[in-house]
Amino acid sequence: MTACEQKVSEPVAEQIVYDQASAETFLDNAEKAMADASLFANHAAWLGATYINSDSQYVEARAFKEFTLQTVQYAMKVKNWDTAQLDPVTRRKLDALRAGLSFPSPNDEDLATELSEIGSKMQAMYGEGKYCRQSGECFNLLDMGKILSAGEDPALMKEMWLGWRKVSPPMRSLYQRQVEIANQGAQDLGFDNLSVMWRSNYDMSPDEFSVDVDRQWQKVKPLYDALHCHVRAELNEAYGDDVAPKTGKIPAHLLGNMWAQTWGNVYNKVKPDGGESSYNLTQLIEESGMSELDMVKVGESFFSSLGFAPLPETFWERSLFLKPQDREVVCHASAWDLDDKDDLRIKMCIQKDAEDFQTIHHELGHNYYQRAYKEQPLLFRGSANDGFHEALGDTVALSITPSYLVDIGLLDKEPPESEDLSYLVSQALDKIAFLPFGLIVDKWRWQVFNGELAPEDYNKGWWKLREDYQGIVAPEGRTEDNFDPGAKYHIPGNTPYTRYFLAFIQQFQFHRALCETAGYEGPLHRCSIYGNKAAGEKLKAMMEMGSSRPWQDAMEALTGQRELDASAIVDYFAPVQEWLEEQNKGRECGW
């Protein structure tokens, strides 16, 4: 090197130190970007669900793709802080970011586009689904559901059951491809597969979570088995051996619900002797002259009585309460929070009946929960675990007791205690009958995601779970030409389902604790927290936590317990268990 030569240094790239400070900066940037992207994605999803056409599907798919890609790009960087010393809040935010998507795409625009288009297309298939006879007469899902719930003509019920399942076979190849892409996305985020990712959201290891869920099921299974035995015997009595066998599994189309997930509609066939209720809630609603909008107003007044602020005016302007005459919509009831602030809405095609009266209270529970945690950071704007969101709405619905109906002027006086068993049996047909179905939807998906169930066995695996856990059977043979899982909204809608099983356990824990807070001392099934500000304050305090703390902390704040506990549901239905044991003497139970 000569004297006049100078050595020029290459510019050195700035090295990021993966520590507490850099994690906070990263999370701040991620939350700001995701908030903006989610706002557009939420509006696009609302459009896709309430105006089903090719244009709305395109907008929805594009928005979801962009949001998914952005979220994945941030989530893939979380691993940079895996070994860093971080405070618990920062670590919790990073974990929430990594596992925040139900169906993550790889960090690839083409695959993200394909994934979002598949999701939008399958939801549209479901929303537009109809069954048409050769005569040209067509039935939508609501029409078919009414025929099954009426339970009058088993041949027609079977036709409707099979007819609805014609909507799902075209979804099969789409679903298989969706799983392939999303599994790759989960692996890119550091999970073995999508099953592990889904089970990682419960503040315990994925395997511990699976074990705990099965443990809770075993606590309530004896009550389900006894209910199954009684219902099967009474359906046999109603329909005869050729339609409803006296032993073995129950044909799925006879249980009053398109998916045999709740059995309340068969109550009149299986009710206790003298089990006539002195009132009929559907009839009370009709006789009151209450409109669909009035039903929602009643739901709002329940929360107002607990001390919650009224819903914003935009809720009433922007929600979908009735099925439009001029277009197809997804009628499946859902609650929406479009801006993480105050743009709260529900979407449902309200029927003036008891079921939708309860559903409205449930969906509003979601909306009030969403508003309660809006001051939390973006990554903590959610329920303590996904079961809490569902449980809260159902907890409120448990307070739709005769005393509540008296308080709001729908009923003149509470029925005598002699009617309590009938009420509890009716409740059990929905709450207890649902539990195994609440398990098997995701057990099926976990098997699909982890490769235990191959695509060529999708339907076989679905029916094995339904037969093993629920003791039901399809009304005629099913093959792999069918794709019966897709006939349930949450499969094409990609909504995890274990949350509902958890909720059906948690709601009784919540209800018992809130009734104690309210100072109630009578039978738990007669308790309503309507009008009790102390119960409202306790509920609100838990809701405001969002997902900022482990769900065990939120459970403790509300109930004093730190674990899932099925004893509350067993205690609630103890009179039913005793009655069923008496009814089933001499019967061959099990399947």
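Quantities reported herein were computed from a predicted structural model and do not represent experimental measurements.
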Residue set satisfying side chain to side chain donor-acceptor pair (under 3.5 Å) with Ser102, at least two apart, ordered chain then number -> none
Side-chain touch Pro436/Trp217, heavy atoms, less than 4.5 angstrom: yes
Any side-chain to backbone donor/acceptor pair from Asn385 onto Trp551? Under 3.5 Å, distance only. no
Anything under 30° is parallel, anything over 60° is perpendicular, the rest tilted; go ahead and classify Tyr175 against Tyr458. perpendicular
Would a distance-only check, ignoring hydrogens and angles, find a side-chain to backbone donor-acceptor pair under 3.5 Å from His525 to Asp420? no
Considering only heavy atoms from C-beta outward, does the side chain of Leu255 approach that of Leu235 to under 4.5 Å? yes
Hey, could you give me each pair passing side-chain hydrogen bond (donor to acceptor under 3.5 Å, both in side chains) that has a residue in residues 398-414? Not counting sequence neighbours. His361-Tyr404, Thr401-Ser403, Glu414-Arg526
Rounded to the nearest 0.5 Å, the CD atom of Glu476 sits from the NE2 atom of His253 at a distance of 10.0 Å
For the side chain of Ser426 and the backbone of Ser422, is there at least one donor-acceptor N/O pair under 3.5 Å apart? no
The reported gap from CG in Leu439 to CZ in Phe504 (rounded to nearest 0.5 angstrom) is 12.0 Å
Run the side chain to side chain contact (heavy atoms under 4.5 Å, CB included) test against Glu237 and tell me which residues pass, sequence neighbours left out. none
Straight-line distance of Ile250 CD1 to Ile472 CD1, nearest 0.5 Å: 8.5 Å
Which pairs count as salt bridge (charged side-chain N to carboxylate O under 4.0 Å, His left out) when at least one residue sits in residues 253-266, sequence neighbours excluded? none
Give a yes or no answer on whether the side chain of Lys269 reaches the backbone of Gly151 with a donor-acceptor pair at less than 3.5 Å. yes
Taking the six-membered ring for Trp, are His332 and Tyr126 ring centroids under 6.0 Å apart? no
Minimum heavy-atom distance between Gln427 and Tyr572, given as atom pair plus value: NE2-OH, 3.5 Å
For the atom pair CG (Leu141) and CG (Leu148), what is the distance rounded to the nearest 0.5 Å? 10.0 Å
Contact list for residues 322-331, test side-chain hydrogen bond (donor to acceptor under 3.5 Å, both in side chains), sequence neighbours left out: Lys130-Glu328
Let's go through Lys443 and Asp214 carefully: what are the C-alpha distance in whole Å and the side-chain angles of both, what is the deciding distance for salt bridge (Lys or Arg N to Asp or Glu O under 4.0 Å) to 0.1 Å, and is it a yes or a no? CA-CA 11 Å; Lys443 279 188 174 287; Asp214 285 335; 3.1 Å; yes
Would you say the side-chain atoms of Asn450 pair up with the backbone N or O of Trp446, donor to acceptor, closer than 3.5 Å? yes
Counting only N and O atoms by type, is there a donor-acceptor contact under 3.5 Å from the side chain of Gln123 to the main-chain atoms of Ala49? no
Using a strict 4.0 Å threshold on nitrogen-to-oxygen distance, state whether Arg466 and Asp484 make a salt bridge. no
Residue set satisfying side chain to side chain contact (heavy atoms under 4.5 Å, CB included) with Thr247, at least two apart, ordered chain then number -> Glu588
Heavy-atom check, side chain of Trp462 versus side chain of Arg478, under 4.5 Å: no
Could you label the plane-to-plane angle of the His366 and His389 rings as parallel, tilted or perpendicular, counting under 30° as parallel and over 60° as perpendicular? tilted
Side chain to side chain donor-acceptor pair (under 3.5 Å) filter on Ser195, not counting sequence neighbours, yields Arg199
Tell me whether the count of non-hydrogen atoms from other residues, nucleotides or ligands lying under 6.0 Å of NZ in Lys121 goes above 12. no
Can you tell me if Glu578 has over 12 outside heavy atoms packed within less than 6.0 Å of its CD? no
With sequence neighbours left out, the residues meeting side chain to side chain contact (heavy atoms under 4.5 Å, CB included) with Glu180 are Gln176, Arg177
Would you find a donor on one side and an acceptor on the other, under 3.5 Å apart, between the side chain of Arg165 and the backbone of Trp161? yes
Over all atoms of both residues, closest heavy-atom pair of Phe573 and Leu223: CB-CD2, 3.7 Å
Any chance NZ of Lys464 has more than 12 other-residue heavy atoms, nucleotides or ligands included, within less than 6.0 Å? no
Is the closest side-chain heavy-atom distance between Leu174 and Gln178 below 4.5 Å? no
Of the non-hydrogen atoms in Ala335 and Asn367, which two are nearest, and what is the gap between them? CB-ND2, 3.7 Å
If we only count heavy atoms from C-beta on, is the Thr495 to Tyr500 side-chain gap below 4.5 Å? yes
Between Tyr202 and Glu208, a side-chain donor and acceptor under 3.5 Å: no
d(Leu410 CG, Glu287 CD) to nearest 0.5 Å is 10.0 Å
In Pro402, Pro272, Ser277, the residue satisfying side-chain contact (heavy atoms from CB on, under 4.5 Å) with Glu419 is Ser277
For residues 239-251, which residue pairs pass the salt bridge (charged side-chain N to carboxylate O under 4.0 Å, His left out) check, not counting sequence neighbours? none
Got a sec, which pairs hit salt bridge (charged side-chain N to carboxylate O under 4.0 Å, His left out) with one end in residues 141-153, sequence neighbours left out? none
How about CD on Gln218, more than 12 heavy atoms from neighbouring residues, nucleotides or ligands closer than 6.0 Å, or not? yes
Among all residues two or more places apart in sequence or in another chain, which pass the side chain to side chain contact (heavy atoms under 4.5 Å, CB included) test with Thr282? Asn280, Glu286, Asp353, Ala354
May I ask you to decide if the ring planes of Phe103 and Phe449 are parallel, tilted or perpendicular, using 30° and 60° as cut-offs? perpendicular
Ring pair (Phe, Tyr, Trp, His ring centres under 6.0 Å) with Trp263: of Tyr224, Phe437, Phe434, only one passes, and it is Tyr224
Which pairs count as disulfide (SG to SG under 2.5 Å) when at least one residue sits in residues 386-457, sequence neighbours excluded? none
Roughly how far, to the nearest 0.5 Å, is CD1 of Ile505 from NZ of Lys219? 8.5 Å
Is there a side-chain contact between Pro170 and Met125, using heavy atoms and a 4.5 Å cut-off? yes
Under 3.5 Å donor-acceptor, Asn459 side chain and Thr479 backbone: yes
Are side-chain N/O atoms of Asp294 and Ser291 paired as donor and acceptor at under 3.5 Å? yes
Could you check if a side-chain atom of Tyr497 sits within less than 4.5 angstrom of a side-chain atom of Ile440, using non-hydrogen atoms only? no
Side chain of Arg445, backbone of Leu194: donor and acceptor closer than 3.5 Å? no
As a quick check of understanding, evaluate side-chain hydrogen bond (donor to acceptor under 3.5 Å, both in side chains) for Asp207 and Ser205, giving each step before the final call. CA-CA 5 Å; Asp207 290 341; Ser205 77; 5.8 Å; no
With a 6.0 Å cut-off on ring centres, are Tyr369 and Phe388 close enough? no
